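Beneath this line is the structure, given in C-alpha coordinates, with notes to follow.
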Amino acid sequence: MKLVNVITVLWLACVANAQWPLSIIDVLEKIGNETTLISLTKQAGLYDKLSGLGPFTMFAPNDRAFELLPKDVMSKLQSNKTLLKEVLEAHIVTDKVPIVDWTNDMLIPTMGGQDIRINIYDVSPMAITLTANGAGVVNPDCHAIAGFVQTIDLVMYPLINGTIMTEITSNANLSTLATVVSKAGLVPTLSASNGNFTIFAPTNAAFAKLPVGVLDGLLKNVTALKNVLTYHVLSDVYNRVGLYYSHTLRTVEGRNVTIKATSRESIMVNNAAVLTEISKTNGVLQVIDTVLIPPSMHFELVHNKDT
Ligand SMILES: *[C@@H]1O[C@H](CO)[C@@H](O)[C@H](O)[C@H]1NC(C)=O
Ligand SMILES: *[C@@H]1O[C@H](CO)[C@@H](O)[C@H](O)[C@H]1NC(C)=O
Ligand SMILES: *[C@@H]1O[C@H](CO)[C@@H](O)[C@H](O)[C@H]1NC(C)=O
Ligand SMILES: *[C@@H]1O[C@H](CO)[C@@H](O)[C@H](O)[C@H]1NC(C)=O
Ligand SMILES: *[C@@H]1O[C@H](CO)[C@@H](O)[C@H](O)[C@H]1NC(C)=O
Ligand SMILES: *[C@@H]1O[C@H](CO)[C@@H](O)[C@H](O)[C@H]1NC(C)=O
(Lines give C-alpha, C1' and ligand atoms only; values in the text may rest on other atoms or scores of the structure.)
(Ligands and ions follow the chains in the order given, each with its own letter.)
Protein backbone atom coordinates (compact mmCIF):
# COMPACT_ATOMS: atom_id res chain seq x y z
CA MET A 1 0.00 0.00 0.00
CA LYS A 2 1.47 3.33 -1.00
CA LEU A 3 1.25 6.30 1.29
CA VAL A 4 0.03 8.81 -1.23
CA ASN A 5 -3.45 8.87 0.27
CA VAL A 6 -2.15 9.62 3.75
CA ILE A 7 -0.92 13.08 2.95
CA THR A 8 -3.10 15.63 4.64
CA VAL A 9 -2.55 19.27 3.89
CA LEU A 10 -3.56 21.76 6.54
CA TRP A 11 -6.36 23.33 4.57
CA LEU A 12 -7.92 20.07 3.44
CA ALA A 13 -11.42 19.86 4.87
CA CYS A 14 -13.74 16.92 5.06
CA VAL A 15 -14.57 15.24 1.79
CA ALA A 16 -18.31 14.49 1.76
CA ASN A 17 -19.29 16.85 4.54
CA ALA A 18 -22.96 16.44 5.16
CA GLN A 19 -25.18 19.44 4.73
CA TRP A 20 -27.05 19.01 7.98
CA PRO A 21 -25.01 16.42 9.79
CA LEU A 22 -26.40 15.25 13.06
CA SER A 23 -24.92 12.26 14.79
CA ILE A 24 -21.63 10.47 14.24
CA ILE A 25 -23.58 7.64 12.57
CA ASP A 26 -25.19 10.12 10.15
CA VAL A 27 -21.76 11.43 9.22
CA LEU A 28 -20.33 7.92 8.75
CA GLU A 29 -23.23 7.14 6.41
CA LYS A 30 -22.56 10.30 4.39
CA ILE A 31 -18.85 9.49 4.05
CA GLY A 32 -19.88 6.22 2.45
CA ASN A 33 -16.80 4.12 3.02
CA GLU A 34 -17.56 3.17 6.59
CA THR A 35 -20.02 0.31 6.23
CA THR A 36 -17.95 -2.19 8.24
CA LEU A 37 -17.54 0.28 11.08
CA ILE A 38 -21.25 1.06 11.15
CA SER A 39 -22.17 -2.60 11.30
CA LEU A 40 -19.60 -3.25 14.05
CA THR A 41 -21.01 -0.42 16.17
CA LYS A 42 -24.35 -2.27 15.97
CA GLN A 43 -22.74 -5.55 17.04
CA ALA A 44 -20.94 -3.84 19.92
CA GLY A 45 -24.09 -2.10 21.16
CA LEU A 46 -22.65 1.36 20.46
CA TYR A 47 -24.86 2.30 17.51
CA ASP A 48 -27.57 4.00 19.57
CA LYS A 49 -25.10 5.99 21.60
CA LEU A 50 -23.34 7.20 18.44
CA SER A 51 -26.71 8.06 16.92
CA GLY A 52 -27.12 10.52 19.79
CA LEU A 53 -25.77 14.03 19.91
CA GLY A 54 -22.52 13.53 21.78
CA PRO A 55 -20.16 15.30 21.95
CA PHE A 56 -18.10 12.61 20.24
CA THR A 57 -15.08 12.47 18.01
CA MET A 58 -14.77 9.15 16.25
CA PHE A 59 -11.48 7.98 14.80
CA ALA A 60 -13.15 5.98 12.07
CA PRO A 61 -11.25 3.23 10.25
CA ASN A 62 -12.60 3.04 6.70
CA ASP A 63 -13.67 -0.19 5.01
CA ARG A 64 -10.21 -0.68 3.54
CA ALA A 65 -8.71 -0.45 7.06
CA PHE A 66 -10.87 -3.36 8.20
CA GLU A 67 -9.84 -5.32 5.09
CA LEU A 68 -6.21 -4.84 6.13
CA LEU A 69 -6.80 -6.40 9.56
CA PRO A 70 -5.61 -10.01 9.67
CA LYS A 71 -8.58 -12.37 9.12
CA ASP A 72 -8.13 -14.03 12.52
CA VAL A 73 -8.26 -10.66 14.28
CA MET A 74 -11.42 -9.72 12.43
CA SER A 75 -13.14 -12.97 13.36
CA LYS A 76 -12.00 -12.58 16.96
CA LEU A 77 -13.61 -9.11 17.05
CA GLN A 78 -16.80 -10.44 15.50
CA SER A 79 -17.12 -13.30 17.93
CA ASN A 80 -16.14 -11.45 21.10
CA LYS A 81 -18.50 -8.59 21.82
CA THR A 82 -16.57 -7.42 24.90
CA LEU A 83 -13.33 -7.15 22.95
CA LEU A 84 -15.09 -5.50 20.02
CA LYS A 85 -16.62 -2.90 22.31
CA GLU A 86 -13.24 -2.26 23.95
CA VAL A 87 -11.55 -1.81 20.60
CA LEU A 88 -14.26 0.51 19.24
CA GLU A 89 -14.28 2.54 22.46
CA ALA A 90 -10.55 3.05 22.01
CA HIS A 91 -11.51 4.89 18.77
CA ILE A 92 -14.07 7.20 20.40
CA VAL A 93 -13.45 10.43 22.31
CA THR A 94 -16.28 12.01 24.28
CA ASP A 95 -15.26 15.49 23.24
CA LYS A 96 -14.86 17.65 20.15
CA VAL A 97 -11.31 17.31 18.83
CA PRO A 98 -10.88 19.02 15.47
CA ILE A 99 -7.40 18.76 13.92
CA VAL A 100 -6.73 22.44 14.58
CA ASP A 101 -6.42 21.48 18.28
CA TRP A 102 -3.89 18.72 17.62
CA THR A 103 -0.22 18.96 18.55
CA ASN A 104 2.59 16.49 18.03
CA ASP A 105 2.70 13.73 20.66
CA MET A 106 -0.56 14.91 22.19
CA LEU A 107 -2.41 12.09 23.97
CA ILE A 108 -6.20 12.15 23.59
CA PRO A 109 -8.04 10.04 26.18
CA THR A 110 -10.74 7.80 24.73
CA MET A 111 -13.99 6.39 26.01
CA GLY A 112 -12.19 3.08 26.53
CA GLY A 113 -9.62 4.71 28.81
CA GLN A 114 -6.70 4.28 26.40
CA ASP A 115 -5.00 7.29 24.85
CA ILE A 116 -4.71 8.10 21.18
CA ARG A 117 -1.28 9.49 20.36
CA ILE A 118 -1.34 12.16 17.69
CA ASN A 119 1.72 12.74 15.54
CA ILE A 120 2.28 15.47 13.02
CA TYR A 121 5.05 15.06 10.47
CA ASP A 122 6.29 17.49 7.85
CA VAL A 123 5.94 16.12 4.37
CA SER A 124 7.21 19.27 2.71
CA PRO A 125 7.22 22.96 3.62
CA MET A 126 3.64 23.04 2.33
CA ALA A 127 2.18 19.85 3.72
CA ILE A 128 1.94 17.80 6.84
CA THR A 129 0.63 14.37 7.56
CA LEU A 130 -1.35 13.46 10.65
CA THR A 131 -1.40 10.11 12.40
CA ALA A 132 -3.41 8.63 15.26
CA ASN A 133 -1.58 5.75 16.97
CA GLY A 134 0.29 5.29 13.71
CA ALA A 135 -2.81 5.22 11.50
CA GLY A 136 -2.92 7.86 8.77
CA VAL A 137 -5.71 10.43 9.02
CA VAL A 138 -7.09 10.37 5.47
CA ASN A 139 -10.28 12.44 5.71
CA PRO A 140 -10.17 14.89 8.62
CA ASP A 141 -12.82 16.94 10.38
CA CYS A 142 -16.13 15.72 9.01
CA HIS A 143 -18.53 17.66 11.22
CA ALA A 144 -21.22 16.15 13.36
CA ILE A 145 -23.48 18.47 15.31
CA ALA A 146 -21.27 18.08 18.37
CA GLY A 147 -18.10 16.47 17.18
CA PHE A 148 -16.11 15.11 14.31
CA VAL A 149 -15.35 12.01 12.31
CA GLN A 150 -11.64 11.63 11.61
CA THR A 151 -11.27 8.89 9.02
CA ILE A 152 -8.16 6.74 9.47
CA ASP A 153 -6.59 4.13 7.22
CA LEU A 154 -5.79 1.46 9.84
CA VAL A 155 -7.69 -0.03 12.75
CA MET A 156 -5.94 0.88 16.00
CA TYR A 157 -5.34 -2.69 17.11
CA PRO A 158 -4.07 -4.20 19.36
CA LEU A 159 -5.09 -1.97 22.25
CA ILE A 160 -2.16 -0.04 23.64
CA ASN A 161 -1.19 -1.45 26.99
CA GLY A 162 2.08 -1.24 28.88
CA THR A 163 5.37 0.48 28.21
CA ILE A 164 8.17 -0.16 25.75
CA MET A 165 9.91 -2.05 28.56
CA THR A 166 6.84 -4.26 29.12
CA GLU A 167 7.03 -5.26 25.47
CA ILE A 168 10.77 -5.90 25.53
CA THR A 169 10.46 -8.17 28.56
CA SER A 170 7.37 -10.05 27.35
CA ASN A 171 8.13 -10.49 23.64
CA ALA A 172 10.01 -13.75 23.11
CA ASN A 173 11.81 -12.33 20.05
CA LEU A 174 13.32 -9.52 22.10
CA SER A 175 14.87 -11.43 25.01
CA THR A 176 18.46 -10.59 24.04
CA LEU A 177 17.50 -6.92 23.87
CA ALA A 178 15.96 -7.27 27.35
CA THR A 179 19.30 -8.52 28.70
CA VAL A 180 21.24 -5.78 26.99
CA VAL A 181 18.89 -2.97 28.08
CA SER A 182 19.06 -4.16 31.66
CA LYS A 183 22.87 -4.38 31.57
CA ALA A 184 23.05 -0.83 30.21
CA GLY A 185 20.83 0.51 33.00
CA LEU A 186 18.13 1.76 30.65
CA VAL A 187 15.21 -0.09 32.27
CA PRO A 188 13.93 2.88 34.34
CA THR A 189 13.87 5.18 31.29
CA LEU A 190 11.99 2.74 29.10
CA SER A 191 9.61 1.71 31.93
CA ALA A 192 8.26 5.19 32.68
CA SER A 193 4.64 5.16 31.60
CA ASN A 194 4.99 8.57 29.93
CA GLY A 195 7.47 9.27 27.23
CA ASN A 196 7.93 10.01 23.58
CA PHE A 197 10.46 7.39 22.54
CA THR A 198 11.16 5.42 19.42
CA ILE A 199 13.26 2.34 19.93
CA PHE A 200 14.69 0.42 17.02
CA ALA A 201 14.46 -3.00 18.62
CA PRO A 202 16.76 -5.69 17.17
CA THR A 203 15.34 -9.20 17.38
CA ASN A 204 17.26 -12.11 18.88
CA ALA A 205 18.08 -13.15 15.31
CA ALA A 206 19.59 -9.69 14.69
CA PHE A 207 21.89 -10.07 17.70
CA ALA A 208 22.78 -13.57 16.56
CA LYS A 209 24.01 -12.14 13.23
CA LEU A 210 26.69 -10.04 14.97
CA PRO A 211 30.25 -11.30 14.42
CA VAL A 212 31.37 -13.75 17.08
CA GLY A 213 32.54 -11.99 20.24
CA VAL A 214 30.91 -8.60 19.61
CA LEU A 215 27.96 -9.11 21.94
CA ASP A 216 30.15 -10.60 24.66
CA GLY A 217 32.55 -7.67 24.25
CA LEU A 218 29.69 -5.20 24.64
CA LEU A 219 28.36 -6.95 27.71
CA LYS A 220 31.80 -6.48 29.31
CA ASN A 221 31.97 -2.74 28.53
CA VAL A 222 28.93 -0.82 29.73
CA THR A 223 30.12 2.44 28.10
CA ALA A 224 30.32 0.86 24.68
CA LEU A 225 27.05 -0.97 25.28
CA LYS A 226 25.27 2.28 26.20
CA ASN A 227 26.62 3.96 23.08
CA VAL A 228 25.32 1.17 20.89
CA LEU A 229 21.93 1.04 22.62
CA THR A 230 21.28 4.78 22.65
CA TYR A 231 22.06 4.74 18.92
CA HIS A 232 18.82 2.70 18.72
CA VAL A 233 16.71 5.31 20.54
CA LEU A 234 15.05 8.52 19.33
CA SER A 235 13.60 11.04 21.74
CA ASP A 236 10.55 11.55 19.47
CA VAL A 237 7.92 9.16 18.28
CA TYR A 238 8.37 8.00 14.70
CA ASN A 239 5.76 5.59 13.48
CA ARG A 240 5.98 4.13 9.98
CA VAL A 241 4.36 7.19 8.43
CA GLY A 242 6.86 9.45 10.19
CA LEU A 243 9.79 7.28 9.14
CA TYR A 244 8.53 7.24 5.56
CA TYR A 245 8.90 11.02 5.36
CA SER A 246 12.30 11.13 7.12
CA HIS A 247 15.81 11.04 5.71
CA THR A 248 18.03 11.35 8.76
CA LEU A 249 17.09 11.23 12.41
CA ARG A 250 19.22 12.16 15.39
CA THR A 251 19.54 9.39 17.94
CA VAL A 252 19.95 9.82 21.70
CA GLU A 253 23.57 8.70 21.20
CA GLY A 254 24.06 11.89 19.18
CA ARG A 255 24.71 10.49 15.73
CA ASN A 256 22.14 10.19 13.00
CA VAL A 257 20.57 7.16 11.45
CA THR A 258 19.59 7.20 7.78
CA ILE A 259 16.09 6.24 6.72
CA LYS A 260 15.24 4.86 3.29
CA ALA A 261 11.64 3.97 2.55
CA THR A 262 9.73 3.08 -0.57
CA SER A 263 6.41 2.57 1.23
CA ARG A 264 5.09 2.35 4.76
CA GLU A 265 5.75 -1.40 4.62
CA SER A 266 9.27 -1.14 3.28
CA ILE A 267 11.53 0.89 5.54
CA MET A 268 15.28 0.62 6.11
CA VAL A 269 17.13 2.22 9.04
CA ASN A 270 20.79 2.24 8.00
CA ASN A 271 21.17 -1.39 6.91
CA ALA A 272 18.34 -2.78 9.05
CA ALA A 273 14.84 -3.55 7.80
CA VAL A 274 11.86 -2.57 9.93
CA LEU A 275 9.80 -5.72 10.59
CA THR A 276 6.97 -4.67 12.92
CA GLU A 277 5.68 -1.58 14.65
CA ILE A 278 4.40 -1.87 18.23
CA SER A 279 2.78 1.16 19.93
CA LYS A 280 3.07 1.47 23.70
CA THR A 281 2.12 4.15 26.24
CA ASN A 282 5.57 5.77 26.15
CA GLY A 283 6.29 5.53 22.46
CA VAL A 284 6.83 3.00 19.76
CA LEU A 285 9.03 0.01 19.02
CA GLN A 286 10.21 -0.51 15.46
CA VAL A 287 11.41 -4.09 15.47
CA ILE A 288 14.46 -4.46 13.19
CA ASP A 289 16.38 -7.38 11.74
CA THR A 290 19.96 -6.04 12.19
CA VAL A 291 21.77 -4.40 15.11
CA LEU A 292 22.72 -0.77 14.38
CA ILE A 293 26.37 -0.02 15.08
CA PRO A 294 27.39 3.67 15.32
CA PRO A 295 29.84 4.31 12.44
CA SER A 296 32.61 5.46 14.81
CA MET A 297 32.43 2.18 16.72
CA HIS A 298 32.38 -0.13 13.76
CA PHE A 299 36.13 -0.60 13.65
CA GLU A 300 36.52 -1.01 17.38
CA LEU A 301 33.67 -3.51 17.67
CA VAL A 302 33.87 -5.49 14.51
CA HIS A 303 37.43 -5.34 13.19
CA ASN A 304 39.28 -5.48 16.47
CA LYS A 305 37.66 -8.81 17.16
CA ASP A 306 39.79 -10.43 14.47
CA THR A 307 43.09 -9.18 15.88
C1 LIG B 1 -13.90 3.56 -0.71
O2 LIG B 1 -12.60 3.03 -0.53
C3 LIG B 1 -12.11 2.32 -1.64
C4 LIG B 1 -10.80 1.68 -1.24
O5 LIG B 1 -10.00 2.54 -0.48
C6 LIG B 1 -12.00 3.26 -2.82
O7 LIG B 1 -11.57 2.55 -3.94
C8 LIG B 1 -13.36 3.90 -3.10
O9 LIG B 1 -13.24 4.86 -4.11
C10 LIG B 1 -13.91 4.56 -1.84
N11 LIG B 1 -15.25 5.04 -2.08
C12 LIG B 1 -15.67 6.22 -1.64
C13 LIG B 1 -17.11 6.54 -1.86
O14 LIG B 1 -14.94 7.01 -1.06
C1 LIG C 1 -2.73 -4.65 30.30
O2 LIG C 1 -1.72 -5.54 30.70
C3 LIG C 1 -1.83 -6.00 32.04
C4 LIG C 1 -0.66 -6.91 32.35
O5 LIG C 1 0.53 -6.44 31.79
C6 LIG C 1 -3.14 -6.73 32.21
O7 LIG C 1 -3.30 -7.08 33.56
C8 LIG C 1 -4.31 -5.84 31.78
O9 LIG C 1 -5.50 -6.57 31.80
C10 LIG C 1 -4.09 -5.34 30.38
N11 LIG C 1 -5.14 -4.40 30.02
C12 LIG C 1 -5.75 -4.45 28.84
C13 LIG C 1 -6.80 -3.40 28.60
O14 LIG C 1 -5.50 -5.29 27.99
C1 LIG D 1 8.76 -13.72 16.50
O2 LIG D 1 9.33 -13.83 15.23
C3 LIG D 1 8.70 -14.78 14.38
C4 LIG D 1 9.52 -14.91 13.13
O5 LIG D 1 9.82 -13.65 12.59
C6 LIG D 1 7.27 -14.35 14.14
O7 LIG D 1 6.61 -15.29 13.32
C8 LIG D 1 6.56 -14.20 15.47
O9 LIG D 1 5.25 -13.69 15.25
C10 LIG D 1 7.31 -13.27 16.40
N11 LIG D 1 6.71 -13.26 17.70
C12 LIG D 1 6.32 -12.12 18.31
C13 LIG D 1 5.76 -12.28 19.67
O14 LIG D 1 6.44 -11.03 17.78
C1 LIG E 1 5.87 14.15 25.19
O2 LIG E 1 5.63 15.22 24.30
C3 LIG E 1 4.54 16.04 24.66
C4 LIG E 1 4.34 17.05 23.55
O5 LIG E 1 5.50 17.74 23.27
C6 LIG E 1 4.84 16.73 25.99
O7 LIG E 1 3.73 17.50 26.39
C8 LIG E 1 5.11 15.65 27.03
O9 LIG E 1 5.48 16.27 28.24
C10 LIG E 1 6.20 14.72 26.56
N11 LIG E 1 6.33 13.64 27.53
C12 LIG E 1 7.46 13.40 28.19
C13 LIG E 1 7.40 12.33 29.23
O14 LIG E 1 8.49 14.01 27.95
C1 LIG F 1 34.83 0.63 26.43
O2 LIG F 1 34.16 1.29 25.38
C3 LIG F 1 34.53 2.67 25.26
C4 LIG F 1 33.59 3.31 24.24
O5 LIG F 1 33.57 2.60 23.05
C6 LIG F 1 35.99 2.73 24.88
O7 LIG F 1 36.37 4.10 24.74
C8 LIG F 1 36.82 2.05 25.94
O9 LIG F 1 38.16 2.01 25.54
C10 LIG F 1 36.32 0.64 26.18
N11 LIG F 1 36.99 0.09 27.36
C12 LIG F 1 37.64 -1.07 27.31
C13 LIG F 1 38.25 -1.52 28.60
O14 LIG F 1 37.74 -1.75 26.28
C1 LIG G 1 21.60 14.88 11.72
O2 LIG G 1 20.33 15.09 11.15
C3 LIG G 1 19.82 16.39 11.38
C4 LIG G 1 18.42 16.41 10.78
O5 LIG G 1 17.62 15.46 11.40
C6 LIG G 1 20.72 17.42 10.75
O7 LIG G 1 20.24 18.71 11.04
C8 LIG G 1 22.13 17.25 11.27
O9 LIG G 1 23.00 18.10 10.57
C10 LIG G 1 22.61 15.82 11.11
N11 LIG G 1 23.89 15.64 11.75
C12 LIG G 1 24.89 14.99 11.20
C13 LIG G 1 26.12 14.86 12.03
O14 LIG G 1 24.81 14.50 10.08
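This one's a predicted model, so the numbers in the text were calculated from it and none came from an experiment. In listed order, ligands and their atoms are each counted from 1.
T281 places a side-chain N or O within 3.5 Å of a backbone atom of S193 that can act as its donor or acceptor partner. With hydrogens and angles ignored, the 3.5 Å screen pairs no side-chain donor or acceptor of N239 with any backbone N or O of E277. Side chain of K209 to backbone of D289: a donor-acceptor contact under 3.5 angstrom is found.
Regarding atom 5 (O) of ligand 4, its nearest protein heavy-atom neighbour is N104 O, 4.0 Å. With hydrogens left out, the protein atom closest to atom 3 (C) of ligand 3 is N173 ND2, 3.6 Å, a heavy atom. At the shortest separation from atom 12 (C) of ligand 4 among protein heavy atoms lies N196 ND2, 3.6 Å. Shortest contact from atom 13 (C) of ligand 3 to any protein heavy atom: N171 OD1, 3.6 Å.
Neither the backbone nor the side chain of T103 comes within 4.0 Å of ligand 4, counting heavy atoms alone.
If you chain together hydrophobic residues whose side chains sit under 4.5 Å apart, M268 and Y231 never meet in one group.
Side-chain atoms of T36 and D63 form a donor-acceptor pair, as typed in the model, at a separation below 3.5 Å.
Remark: atom 7 (O) of ligand 4 lies closer than 4.0 Å to no protein heavy atom.
The pair R117-D105 meets the salt-bridge criterion, with a side-chain N (NZ, NE, NH1 or NH2) lying under 4.0 Å from an Asp/Glu carboxylate O.
For ligand 4, the atoms lying closer than 4.0 Å to a non-hydrogen atom of N194 are 13 (C). Within the listing of ligand 4, atoms 13 (C) sit less than 4.0 angstrom from a heavy atom of G195.
When the heavy-atom distances from atom 2 (O) of ligand 5 to T223, L218, N221, N227 are ranked, the shortest goes to N221.
Aromatic ring centroids of F148 and W102 lie 6.0 Å or more apart.
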